[in-house]
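To start, the structure under review is shown below, and the notes come after it.
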Amino acid sequence: QVQLGESGGGLVQPGGSLRLSCAASGSIFSIDAMGWYRQAPGKQRDLVATVTSGGSTNYADSVKGRFTISRDNAKNTVYLQMNSLKPEDTAVYYCNAEIRGGSYTRAVRVWWGQGTQVTVSS
């Protein structure tokens with residue numbers, strides 16, 4: 001019923017930049033926090049950055065000063081601007097959102113995107 005569609009991943013050289021986008025669609029009443037997580041092969045899924053509906057942000061220490069998360073509430077979209085990319089940033093990046101559904105129950109659920117691959121070459 002709710003889908004998070006990610007885009008913007010790709011192959012980049014170290015020091016390069018990428019901008020990820022994630023748009024939520026479907027039966028949505030409201031969205032609280034949105035965020036980005038990443039998972040490298042054989043590793044756990046780690047938080048990258050989050051942003052609340054009011055614009056408060058939180059970043060993993062490993063990306064502070066390099067990544068910027070933002071959102072457009074009118075478009076139900078969250079962005080991740082990634083600068084000064086490093087090989088260790090290589091991972092599948094997943095969009096995450098806390099969404100109150102538009103159904104009569106208005107249940108709050110956490111939804112995940114399908115992931116977009118970010119590869120930073122050596």
Side-chain angles (χ1 to χ4, degrees):
Q1 189 172 355
V2 173
Q3 299 84 38
L4 301 182
E6 300 127 317
S7 63
L11 176 63
V12 182
Q13 296 183 13
S17 297
L18 284 174
R19 178 175 160 90
L20 305 183
S21 299
C22 174
S25 62
S27 182
I28 299 170
F29 179 78
S30 63
I31 303 177
D32 191 6
M34 304 185 79
W36 291 94
Y37 290 69
R38 65 187 182 186
Q39 186 171 24
K43 299 181 180 179
Q44 68 179 30
R45 187 175 298 185
D46 294 327
L47 181 147
V48 177
T50 60
V51 57
T52 68
S53 60
S56 297
T57 59
N58 176 254
Y59 297 92
D61 288 340
S62 60
V63 306
K64 287 181 179 177
R66 300 189 297 120
F67 291 10
T68 302
I69 189 170
S70 61
R71 65 189 286 171
D72 186 333
N73 291 333
K75 298 180 179 179
N76 290 336
T77 300
V78 62
Y79 307 93
L80 185 68
Q81 178 66 48
M82 304 185 293
N83 298 326
S84 302
L85 283 162
K86 305 174 181 179
E88 49 263 47
D89 295 319
T90 296
V92 177
Y93 284 69
Y94 295 91
C95 178
N96 172 83
E98 297 176 349
I99 297 176
R100 176 177 287 189
S103 70
Y104 71 96
T105 63
R106 294 184 176 176
V108 178
R109 304 184 188 278
V110 177
W111 295 86
W112 293 89
Q114 79 283 357
T116 184
Q117 178 71 47
V118 172
T119 302
V120 185
S121 66
S122 302

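One is the number of the first residue; the rest follow in order along the sequence.
- Crowding of E88 atom CD: a count of heavy atoms from other residues, nucleotides or ligands under 6.0 Å exceeding 12.
- Taking the side chain as every heavy atom from C-beta outward, W36 and C22 approach each other to under 4.5 Å.
- The hydrophobic clustering, which links ILVMFWY residues whose side-chain heavy atoms are closer than 4.5 Å, places Y94 and M82 apart.
- Paired with R38 under the rule side-chain contact (heavy atoms from CB on, under 4.5 Å), one option of V118, D89, V92 passes, and it is D89.
- Side-chain atoms of S27 come within 3.5 Å of backbone atoms of G102 as a donor-acceptor pair (strictly under, hydrogens ignored).
- For the atom pair CG (L20) and CZ (F67), the distance works out to 8.0 Å, reported to the nearest 0.5 Å.
- Distance alone, capped at 3.5 Å, is enough to place a donor-acceptor pair between the R71 side chain and the T52 backbone.
- Between atom OG1 of residue T68 and atom CZ of residue R19 there is a gap of 10.0 Å, rounded to the nearest 0.5 Å.
- L47 is listed as a side-chain neighbour of N58, based on a closest heavy-atom distance under 4.5 Å.
- A heavy-atom distance below 4.5 Å is not found between the side chains of S30 and R106.
- Residues S84 and S17 approach most closely at N-OG, 4.3 Å, considering heavy atoms.
- Contact of the Y93 side chain with the E6 side chain is not registered, since no non-hydrogen atoms from C-beta on lie closer than 4.5 Å.
- Taking 4.5 Å as the limit, some side-chain heavy atom of P14 sits within range of a side-chain heavy atom of S121.
- Using a 4.5 Å heavy-atom cutoff, the side chains of Y79 and D72 are in contact.
- In this structure, S122 OG and Q13 CD are separated by 11.0 Å, a value rounded to the nearest 0.5 Å.
- At a threshold of 4.5 Å between side-chain heavy atoms, the hydrophobic network of Ile, Leu, Val, Met, Phe, Trp and Tyr places Y59 and L18 in one connected group.
- Checking side-chain atoms of R100 against main-chain N and O of F29 turns up no donor-acceptor pair under 3.5 Å.
- When all heavy atoms are compared, the tightest approach of C95 to L4 is O-CD1, 3.8 Å.
- Smallest separation of non-hydrogen atoms from V110 and E98: CG2-CG, 4.1 Å.
- When the shell of 6.0 Å around CZ of R45 is examined, it contains more than 12 heavy atoms from other residues, nucleotides or ligands.
- A donor-acceptor contact shorter than 3.5 Å links the side chain of T77 to the backbone of K75.
- Counting heavy atoms from C-beta on, the side chains of I31 and N73 never come closer than 4.5 Å.
- Distance OG1/T57 to CD1/I69: 8.0 Å, rounded to 0.5 Å.
- A donor-acceptor pair under 3.5 Å is absent between the side-chain atoms of Y37 and the main chain of W112, judged by distance alone.
- Here the side chain of T90 pairs a donor or acceptor atom with the backbone of V120 at under 3.5 angstrom.
- In this structure, D46 CG and Q39 CD are separated by 8.5 Å, a value rounded to the nearest 0.5 Å.
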